[in-house]
A.B. asks: 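This structure is in structure tokens; I'll ask about it shortly.
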Amino acid sequence: MSGQRAAPTRSIATFGAPRGGDEDALALVGLTVAYRVKGREREVLTDVSLRIRRGESYGLVGESGCGKSTVALAALRFLARNGRVKAGRIAIAGKDVLALDADGLRALRANTVSMVYQDPAGALNPSLTIARQLTEAFEAAGVSAGDALACAPDMLRRVRIADPARVMASYPHELSGGMQQRVVIAMALASNPALLILDEPTTGLDATVEAEVLALIAQLRAEFGMAVLFISHDLAVIRQMCDRIGVLYAGRLVEEGATRDVFARARHPYTVGLLRCLPAQGRSKAAGPLDTVPGELPAPGTIARGCVFAPRCRLADARCREDAPPPHRMEAPYGERMARCHYHESAFELPSAGPAEPTDMSAHAATTQSDRPVVLRAIDVSRTFGRGAQAVRALDGVSIELHAGETLGLVGESGSGKTTLAKLLLGLHAPDAGGRVELDGEPLPARVARRSAKQREALRLVFQNPDLSLNRALPVKRLIGRSLARTVAARENEPVGLNARLEALLDAVRVPTRYLAARARQLSGGLKQRVAIAQAFAGEPRIVICDEPTSALDVSVQAAILNLLARLQRERGVSYLFISHDLDVVRYLADRVMVLYAGQVVETGPADALFGGPCHPYTETLLAAQMSQASETNGARTSTAGCVFCARCPRRIGAVCDEQAPPFSSAGDGHLIRCHIPVDELRGLQEAAKSARANV
């Protein structure tokens, strides 16, 4: 914002006052956007019309590449240089955005509309303190430098940051992901915008921090009287946060209506497919693969004669392939609805697509955990960063066993030690003295540089952020081909060559072969993650550590990836250490679950037993996602001699929790809970709490 012309100075008293006016916060009419690629214009949005009323929350959903972020960028006139609005009208708070000159557009962005991006770290300048960046946001909205400095601490408090002075003096890298996201939201609210655009604001956040951020957004929306455009692939979040929902497919708005109406009875086959991709609560992989949306998105700029979704739709007939469906409008219990489908009245009765391929889970289920050998074991491993008074123990006496063909789910808030444990197993961190890691019963060198090629090949990692694992300058074919080449070379007698294996692997992770020549920087976030997963599996590892591998994926791709992971496990006997904040995903894929808090294991056991209860109070908190002020104490390391969770525990029973470390108690069938409260008492307390919530 430096160097921008200042708007007229505004009074501090105007910040936080709800805006008036009857006009829509955002109105798009017939919006068509195209990008010029290799001398040819390719439409990425076609005839999109929607409006967001004052104070309304509108959710925009669809697969990666459908055009969700392009809608937001077009509304702000932030399109890349090769992009342009071909047709349509954009109005924000009654102002014609396309008609504004440079000064008018600058004033609109500074005073009327704000945007929060998916990656808060990418939105913050790493070389400036939070104080400088936040005050700059106020100054761009017309507040004097002195008043901006006075406004900043109050704004941080309003986004539930308890220690504004410390945060303002910090640099972005010194804050957790949840804290960074709150700072970005505070900057976006500095101008008291009429419209707040949120582009995947909770991706990568753990369950408790996500719940806090969502509650914060809901509170601030009511407090500021602003409208919200909420872009997300997380349908559960959209259901919770939004009054109305729009579904984009291949740049076209195919369904729209009140959120309650759409979730209760979707009217477009694409929406029906997305909703069925979600792992049902309580469902595990033993119940069979998840439903998926068959096929793939058409390439940008594809000209469809009939319905753009027809190639993937099981209701499609000759009419659908010849005639593009008009926007059918109908009344519903909570307002008017729209669906672009010739058969919108019967779309909800669409039969399940089922898995992409038949599977037989009986063989996998017949082999119990005790029958499988232990392939990876960590014994009493700890990891300390820093020295003396600055020392922080990120892991504290953690022991795990991972069996062949098993998935061990690892859950806990950001900062609990999940990724540190993963890096320790991979040899990127060495454990403190006294702990060790074993592969097939043999000691594994602490540092990856000292491990043999076979040992390195046995363990692979899928990162949460694919940008950390993919060379942005290399094409997809080379990124995956390098790992595949080693495997093919080691199997010279096999008739299947490199290209055939490459195509099979890309098909398995649903990456169209047309992307073989594309470089990583040219791919959407979902495509990059699929390439990263393919890269990890190219070497045919025995153990794959998955660090939030589906957090950035839309639900259809997530379902395909989870099915892929389950199938590869059945076929190859691969084992997974699966780190995720999405508890429904963990429950679906994991055989056993381990819960970490502040570097210690507080609970471990079979997934069904742990999620079915009883459970540790911290696990109960994660499941309820109702922890207050989660980000303020998240990841804190204390020197208490008692329970590491006692300061936050809703079931604390007294001084014993502060003074004595609790032992592990057995809840049966290998389910261990580290708590002073007896297991039977925990079960009774938690069942009573569930009944109370059900009666609310």
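Predicted model only: the values in this text are computed from it and were never measured.
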A.B. asks: Holding to side-chain contact (heavy atoms from CB on, under 4.5 Å), I want the full list of residues that pass it with P172, two or more places apart in sequence or in another chain.
C.D. replies: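 Applying side-chain contact (heavy atoms from CB on, under 4.5 Å) to P172 gives L124, I130, Q133, Q180.
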
A.B. asks: Start with the C-alpha distance between L622 and L583, add both sets of side-chain angles, then the distance that settles side chain to side chain contact (heavy atoms under 4.5 Å, CB included), and finish with yes or no.
C.D. replies: CA-CA 8 Å; L622 289 178; L583 299 182; 4.2 Å; yes

A.B. asks: Quick one: pull up NE2 in H671 and SG in C615 and give me the separation to the nearest 0.5 Å.
C.D. replies: 7.0 Å

A.B. asks: Test of understanding: with ring pair (Phe, Tyr, Trp, His ring centres under 6.0 Å), list the residues that count as partners of F385, not counting sequence neighbours.
C.D. replies: H429

A.B. asks: State, to 0.1 Å, how close V462 and P549 come at their nearest heavy-atom pair, and which atoms those are.
C.D. replies: CG1-CB, 3.8 Å

A.B. asks: Testing the basics here: between Y171 and S127, what is the closest heavy-atom pair and its distance to 0.1 Å?
C.D. replies: CE2-O, 3.5 Å

A.B. asks: In the structure I gave you, are the side-chain heavy atoms of V184 and Y117 within less than 4.5 Å of one another anywhere?
C.D. replies: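 V184 does not reach Y117 side chain to side chain.
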
A.B. asks: Does any part of the side chain of Y618, heavy atoms only, come nearer than 4.5 Å to the side chain of E413, both counted from C-beta?
C.D. replies: yes

A.B. asks: How long is the span from the CD1 atom in I231 to the CG atom in D234, to the nearest 0.5 Å?
C.D. replies: 14.0 Å

A.B. asks: Residues two or more places apart in sequence or in another chain: which of them pass salt bridge (charged side-chain N to carboxylate O under 4.0 Å, His left out) with R478?
C.D. replies: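 If we apply the salt bridge (charged side-chain N to carboxylate O under 4.0 Å, His left out) test to R478, skipping adjacent residues, there are no hits.
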
A.B. asks: Run the side-chain hydrogen bond (donor to acceptor under 3.5 Å, both in side chains) test against R472 and tell me which residues pass, sequence neighbours left out.
C.D. replies: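 With neighbours one apart ignored, the set is empty.
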
A.B. asks: What residues, two or more places apart in sequence or in another chain, satisfy side-chain hydrogen bond (donor to acceptor under 3.5 Å, both in side chains) together with R387?
C.D. replies: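 If we apply the side-chain hydrogen bond (donor to acceptor under 3.5 Å, both in side chains) test to R387, skipping adjacent residues, there are no hits.
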
A.B. asks: Once you round to the nearest 0.5 Å, how far does CD1 of I579 lie from CG of D547?
C.D. replies: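 If I round to the nearest 0.5 Å, the distance is 4.0 Å.
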
A.B. asks: Verify, without hydrogens or angle tests, whether R567 (side chain) and P289 (backbone) share a donor-acceptor contact under 3.5 angstrom.
C.D. replies: no

A.B. asks: Under 3.5 Å, is there a donor-acceptor pair between the D582 and S580 side chains?
C.D. replies: no

A.B. asks: Do V398 and L424 have side-chain heavy atoms sitting under 4.5 Å apart?
C.D. replies: no

A.B. asks: Between S666 and L672, which heavy-atom pair has the shortest distance, and what is it?
C.D. replies: CA-CD2, 4.0 Å

A.B. asks: Pick from Q558, E200, K68: which one makes a side-chain hydrogen bond (donor to acceptor under 3.5 Å, both in side chains) with H233?
C.D. replies: E200

A.B. asks: Using a 4.5 Å cut-off on heavy atoms from C-beta on, say whether the side chain of P201 contacts that of Q181.
C.D. replies: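 In contact.
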
A.B. asks: Is K418 reaching over with its side chain to a backbone N or O of L596, donor-acceptor style, under 3.5 angstrom?
C.D. replies: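 Not at all, since once roles are kept as given, no pair shorter than 3.5 Å links the two residues.
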
A.B. asks: Hey, does V183 have a side-chain heavy atom less than 4.5 Å from the side chain of P120?
C.D. replies: no

A.B. asks: Kindly write out the residues that satisfy side-chain contact (heavy atoms from CB on, under 4.5 Å) with D396, not counting sequence neighbours, or none if the list is empty.
C.D. replies: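 Scan of D396 (side-chain contact (heavy atoms from CB on, under 4.5 Å), adjacent residues dropped) gives S382, R393, Q600.
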
A.B. asks: Hey, could you give me each pair passing salt bridge (charged side-chain N to carboxylate O under 4.0 Å, His left out) that has a residue in residues 440-449? Not counting sequence neighbours.
C.D. replies: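 Residue pairs with at least one partner in residues 440-449: D440-R542.
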
A.B. asks: L502 vs L516, test: side chain to side chain contact (heavy atoms under 4.5 Å, CB included). Steps then yes/no.
C.D. replies: CA-CA 10 Å; L502 180 60; L516 278 172; 3.8 Å; yes

A.B. asks: I need the minimum non-hydrogen distance between A590 and A607, along with the two atoms involved.
C.D. replies: O-CB, 3.4 Å

A.B. asks: Closest heavy-atom contact between V601 and F664?
C.D. replies: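 Taking V601 first and F664 second, the nearest heavy atoms are O-CZ, 3.4 Å.
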
A.B. asks: Is the backbone N or O of D380 less than 3.5 Å from a side-chain atom of S399, with the two atoms forming a donor-acceptor pair by type?
C.D. replies: yes

A.B. asks: With distance as the sole test, does D591 use its side chain to make a donor-acceptor pair with the main-chain N or O of E406 at under 3.5 Å?
C.D. replies: no

A.B. asks: Is there a donor-acceptor contact under 3.5 Å from the side chain of K285 to the main chain of L589?
C.D. replies: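 Yes: the side chain of K285 pairs with the backbone of L589.
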
A.B. asks: Looking at residues at least two apart in the chain, or sitting in another chain, which of them share a side-chain contact (heavy atoms from CB on, under 4.5 Å) with S452?
C.D. replies: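 S452 satisfies side-chain contact (heavy atoms from CB on, under 4.5 Å) with K454, Q455 only.
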
A.B. asks: Taking only residues two or more places apart in sequence, or in another chain, which ones meet H676 in a ring pair (Phe, Tyr, Trp, His ring centres under 6.0 Å)?
C.D. replies: none

A.B. asks: So, the side chain of H616 versus the backbone of I673: is there a donor-acceptor pair under 3.5 Å, distance only?
C.D. replies: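 Answer holds: no.
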
A.B. asks: Please list, chain by chain and in numerical order, all residues satisfying salt bridge (charged side-chain N to carboxylate O under 4.0 Å, His left out) with E438, sequence neighbours excluded.
C.D. replies: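 Here the qualifying residues are R377, R436.
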
A.B. asks: Once you round to the nearest 0.5 Å, how far does CG of L461 lie from CG of L428?
C.D. replies: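 L461 CG to L428 CG: 7.5 Å, rounded to 0.5 Å.
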
A.B. asks: Whether the side chain of N563 engages the backbone of L290 through a donor-acceptor N/O pair (distance < 3.5 Å, no angle test) should be reported.
C.D. replies: yes

A.B. asks: Show your working on side chain to side chain contact (heavy atoms under 4.5 Å, CB included) between L527 and S64 and close with a plain yes or no.
C.D. replies: CA-CA 8 Å; L527 278 171; S64 294; over 6 Å; no

A.B. asks: Mind checking what makes side-chain contact (heavy atoms from CB on, under 4.5 Å) contact with A433, not counting sequence neighbours?
C.D. replies: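 Partners of A433 by the side-chain contact (heavy atoms from CB on, under 4.5 Å) criterion come out as none, since no residue qualifies.
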
A.B. asks: Between S556 and L274 (side chain of the first, backbone of the second, donor and acceptor by atom type, cut-off under 3.5 Å), is there such a pair?
C.D. replies: no

A.B. asks: Find the distance between OG1 (T619) and CG (L682) and round it off to the nearest 0.5 Å.
C.D. replies: 10.0 Å

A.B. asks: Heavy atoms only: give me the nearest Q686-P617 pair and the separation to one decimal.
C.D. replies: NE2-N, 4.5 Å

A.B. asks: Please check if the side chain of R383 supplies one atom and the backbone of L395 the other of a donor-acceptor pair under 3.5 Å.
C.D. replies: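 It does not hold such a pair.
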
A.B. asks: Should T621 and F645 count as side-chain neighbours, where that means a heavy-atom distance under 4.5 Å?
C.D. replies: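 The answer is yes; the side chains approach within 4.5 Å.
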
A.B. asks: For F611 and V593: C-alpha separation, side-chain torsions, deciding distance, then whether side chain to side chain contact (heavy atoms under 4.5 Å, CB included) applies.
C.D. replies: CA-CA 9 Å; F611 285 108; V593 178; 3.9 Å; yes

A.B. asks: Do the side chains of L278 and D584 get nearer than 4.5 Å, heavy atoms only?
C.D. replies: no

A.B. asks: The criterion is salt bridge (charged side-chain N to carboxylate O under 4.0 Å, His left out); which residues satisfy it with E603, sequence neighbours excluded?
C.D. replies: none

A.B. asks: Any non-hydrogen side-chain atom of I400 less than 4.5 Å from a side-chain atom of L425?
C.D. replies: yes

A.B. asks: Between atom CG of L565 and atom CZ of F578, what is the distance when rounded to the nearest 0.5 Å?
C.D. replies: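 Interatomic distance, L565 CG to F578 CZ, rounded to 0.5 Å: 6.5 Å.
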
A.B. asks: For the pair Q535 (side chain) and L479 (backbone), establish whether a donor and an acceptor sit closer than 3.5 Å, ignoring hydrogens and angles.
C.D. replies: yes

